[in-house]
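Here the structure is laid out as structure tokens; the discussion comes afterwards.
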Amino acid sequence: MELPPTLRRLAAGALRWRAMQKLLQLAVLLLAPRHRVGVNVICRDSQGRILLLHHLFHPHVPWGLPGGWLSPGERPQDGALRELREETGLEAVLGDPVFIDRSPLANHIEIIFEARVESEAAAQARPQSGEINALAWFRPDELPARLTNSTRLALDRVLDEL
């Protein structure tokens, strides 16, 4: 629906007032559609191996990428590094997103980043969360057969670039 020019000018003028800006922010917060945002990390070491975690709560596809939900107000990059640290104890150098999509099964957006760690640090990785049964570093030709579609698509993109 298009607003008449006079009404558009009035609305634009009203938004110069701080109270109206706050009211608009509140309206967006209350009325805009919401999606949860999940962040994951394809973490590779200097030998090219990929870190996968054996997740306790994913019985049908137990091996997956480190990751989780963004906290309110958190930047995706920060959330990805936080999740990696919380689940494995690793610090990494984060690269660009390699996959962004909306999950067809759940109301959430998924962002998968690429990251690198040094082999010395990779050797120190240990499960740090009760959600993780184990972790392992896999060569690209040894990846588990059962992975989620988004994980497989993201890994294919990263491995195709090598």
Side-chain angles (χ1 to χ4, degrees), residues 1 24-162:
M1 175 178 106
L24 179 61
Q25 288 173 347
L26 180 62
V28 168
L29 183 67
L30 294 175
L31 302 174
R34 294 194 184 119
H35 290 83
R36 294 174 299 170
V37 179
V39 289
N40 297 92
V41 180
I42 294 175
C43 190
R44 292 190 299 151
D45 69 4
S46 55
Q47 298 173 39
R49 298 177 304 169
I50 297 165
L51 176 66
L52 294 179
L53 309 181
H54 192 275
H55 294 267
L56 176 67
F57 299 119
H58 303 171
H60 300 293
V61 185
W63 287 101
L65 300 170
W69 301 115
L70 280 184
S71 298
E74 187 174 37
R75 292 178 44 214
Q77 302 88 322
D78 297 335
L81 289 173
R82 175 186 50 77
E83 286 290 341
L84 179 65
R85 187 175 44 257
E86 287 177 0
E87 292 181 342
T88 68
L90 286 173
E91 299 289 338
V93 175
L94 196 67
D96 292 328
V98 294
F99 182 86
I100 301 172
D101 202 2
R102 180 185 177 280
S103 170
L105 302 175
N107 193 29
H108 79 268
I109 303 295
E110 185 171 15
I111 304 171
I112 301 176
F113 291 91
E114 185 175 14
R116 291 200 171 267
V117 297
E118 294 301 318
S119 290
E120 303 80 45
Q124 304 300 317
R126 300 285 181 268
Q128 304 287 315
S129 164
E131 300 174 18
I132 308 302
N133 290 324
L135 61 78
W137 292 91
F138 292 88
R139 288 194 338 246
D141 60 339
E142 295 177 329
L143 292 168
R146 290 176 48 206
L147 296 169
T148 65
N149 289 339
S150 58
T151 296
R152 179 64 65 194
L153 287 169
L155 283 168
D156 287 348
R157 287 181 188 170
V158 169
L159 296 174
D160 283 348
E161 292 177 7
L162 296 178

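Nothing fancy with the numbering, it's 1 onward along the sequence. Everything numeric here is computed off the predicted structure, so don't read it as measured data.
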> Any side-chain heavy atom of Ile50 within less than 4.5 Å of one from Leu159?
Replying inline: yes

> If every non-hydrogen atom of Leu147 is compared with every non-hydrogen atom of Trp63, which pair is closest and at what distance?
Replying inline: CD2-O, 3.4 Å

> Partners of Glu83 by side chain to side chain donor-acceptor pair (under 3.5 Å), sequence neighbours excluded?
Replying inline: none

> So do Leu155 and Phe138 actually touch side chain to side chain, heavy atoms under 4.5 Å?
Replying inline: no

>> Could you go through Asp101 and Ser150, starting from their C-alpha distance and side-chain angles, then the distance that decides it, and tell me whether this counts as side chain to side chain contact (heavy atoms under 4.5 Å, CB included)?
In response: CA-CA 8 Å; Asp101 202 2; Ser150 58; over 6 Å; no

>> According to side chain to side chain contact (heavy atoms under 4.5 Å, CB included), who are the partners of Gln47, at least two apart in sequence or on a separate chain?
In response: Asp45, Arg49, Ser119

>> Please enumerate all residues that pass salt bridge (charged side-chain N to carboxylate O under 4.0 Å, His left out) together with Arg36, with sequence neighbours excluded.
In response: none

>> Can you confirm whether Leu51 sits close enough to Val117 that some side-chain heavy atom of one is under 4.5 Å from a side-chain heavy atom of the other?
In response: no

> Do Pro144 and Leu52 come close enough that some side-chain heavy atom pair is under 4.5 Å?
Replying inline: yes

Sequence neighbours excluded and cut-off under 3.5 Å, please list the side-chain donor-acceptor pairs for residues 128-135, or say none.
{"residue": "Gln128", "atom": "NE2", "partner": "Arg126", "partner atom": "O", "Å": "3.2"}
{"residue": "Ser129", "atom": "OG", "partner": "Glu131", "partner atom": "N", "Å": "3.0"}
{"residue": "Asn133", "atom": "ND2", "partner": "His54", "partner atom": "ND1", "Å": "3.1"}

> Ile42 versus Ile112: any side-chain heavy-atom pair under 4.5 Å?
Replying inline: yes

>> Just to verify, what does Asp96 make a side chain to side chain donor-acceptor pair (under 3.5 Å) with, not counting sequence neighbours?
In response: none

> Under the side chain to side chain donor-acceptor pair (under 3.5 Å) test, which residues partner Thr88, sequence neighbours left out?
Replying inline: none

> Heavy atoms, side chains only, cut-off 4.5 Å: are Leu70 and Ile111 in contact?
Replying inline: no

